[in-house]
Asker: 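Once you've had a glance at the structure underneath, I'll fire off some questions.
Whatever order the structure lists ligands and atoms in, that order sets their numbers, starting from 1. Residue indices begin at 1 and follow the sequence shown.
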Amino acid sequence: MAVDRSAPVPLCDIGLQYRNLQAEIDEAVLGVLRSGMVILGPETAKFEEQAAAFCGAKFALGCGSGTDALLLALYALDIGPGDEVILPPFTFFATVGSILRVGAKPVFVDIDPETYNIDPSRIEAAITPRTKAIMPVHLFGQCAEMAPIFAIAERHNLQVIEDAAQSFGAAYQGVRCGTLGAISCFSFYPSKNLGTLGDAGMVTTNNPDFHKKMTAYRNHGSEVKYYHKYVGWNARIDAIHAAILRVKLPHVEGWIQSRRAAACRYHEMIESAGLLSSLKRPTVRDTGLHTFNQYVVEVSGGRRDALLKSLKADNIGCEVYYPLPLHQQECLTDLGYTTGDFPIGEAASKNVLALPIFPEITAAQQERVVEALAIHLQNAMKYAA
Ligand SMILES: *Cc1c(COP(=O)(O)O)cnc(C)c1O
């Protein structure tokens, strides 16, 4: 296949997905505008029903963002001051931010170097009498190793909250995320597996009490209008986003298949290009279904940043998720962690590089990415030497 060496390859292509569904999305949005039912309303209720069915959960509740979803889950489980929540240090800030926002204490546990997900074998050492919950993150589209996490949670009477923001549609041992914890939290940020054209999120649960509580918290803690049982906030999903998500939901399974196919192509192209000695491909566990929200390779030996820079200069959309682990963030110094506390997460931060992946990416685009990788890896090696 001829490779166009000048065409930019984006990290993901939100505009293309919109254009492919434009007539339907425009109609759905206009339908909401014309109906005047722009807050919650029938579109939201229908989306929640369909999304719950997709995830195999009894209840789904749309909310303003993935961050709102995490907060709703923590409030529903009565987690607050004096409580501790266990999470990995290598994730997006919202995971730890939500714990701190409810007044609880985050306790980090280092990650598995292969999947970047929390390492279950290190969790028990971090449990104290104040531990209330474990919050595993299904990073980059692959579920955390949930069976040992459940075993630990059961032994110590802890709740499990899934941060499934990056993994809508992923599965573990044949079960889709959405029921892999007491409460599961999703984000519909545009670049996620199921993304809207703005901000939105969702919580799912099989527990009717948690569902009822989160429904109240989403709407200023009120069950009866103007009577407030809890101090909630406005965590509602916009009806416009529910309508957009309803158009996209039937496509998400196909998109996940396309992401997986693209990941397979990268896997082979990287090997054929002879790059295996200088670059590590993502590890896929056979316990679950990886949805490849991100395709993340590792480049060690201090070459990553030079490589990132030259790929960007070459119009290849790359990104580093995440360049600084949470325990080293400026605003979290009060937690008392220091460099060296989580060496695996720290190493990942120095070495990971996400390559362009989205359902519509073509083999030709991927070939261009891998060709550029081959060229710039050689240069990066020269500079590092
Ligand atoms: C995207 C993301 C969130 C937050 O979602 P928003 O919708 O942006 O608030 C939380 N956790 C993880 C791991 C994420 O990737």
Asker: The criterion is side chain to side chain donor-acceptor pair (under 3.5 Å); which residues satisfy it with Thr287, sequence neighbours excluded?
Answerer: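 Side chain to side chain donor-acceptor pair (under 3.5 Å) check on Thr287 returns Glu145.
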Asker: Check this for me, if you would: do Asp78 and Lys213 make a salt bridge, where the nitrogen-to-carboxylate-oxygen distance has to be below 4.0 angstrom?
Answerer: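 Answer for the salt bridge query: yes.
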Asker: For the residue pair His138 and Gln166, what are the closest heavy atoms and their distance?
Answerer: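 Heavy atoms only, the tightest pair is O-CB, 3.8 Å.
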Asker: Are there over 12 heavy-atom neighbours, none belonging to Glu124, within less than 6.0 Å of that residue's CD?
Answerer: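 For Glu124, atom CD is crowded (more than 12 foreign heavy atoms under 6.0 Å).
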Asker: Tabulate distances under 3.5 Å between N/O atoms of ligand 1 and N/O atoms of the protein, writing both atom names on each line.
Answerer:
residue  : atom   : partner : partner atom : Å
ligand 1 : 5 (O)  : Ser187  : OG           : 3.3
ligand 1 : 7 (O)  : Gly66   : N            : 2.7
ligand 1 : 7 (O)  : Ser187  : OG           : 2.7
ligand 1 : 9 (O)  : Gly66   : N            : 3.3
ligand 1 : 9 (O)  : Thr67   : N            : 2.9
ligand 1 : 9 (O)  : Thr67   : OG1          : 2.5
ligand 1 : 11 (N) : Asp163  : OD1          : 3.3
ligand 1 : 11 (N) : Asp163  : OD2          : 2.8
ligand 1 : 15 (O) : Gln166  : NE2          : 2.8
ligand 1 : 15 (O) : Lys192  : NZ           : 2.8

Asker: Salt bridge between Glu27 and Arg34, side-chain N to carboxylate O under 4.0 Å?
Answerer: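 Yes.
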Asker: Minimum heavy-atom separation for Met202 to Ala60, with atom names?
Answerer: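 Smallest interatomic distance, heavy atoms only, reads SD-CB, 3.8 Å.
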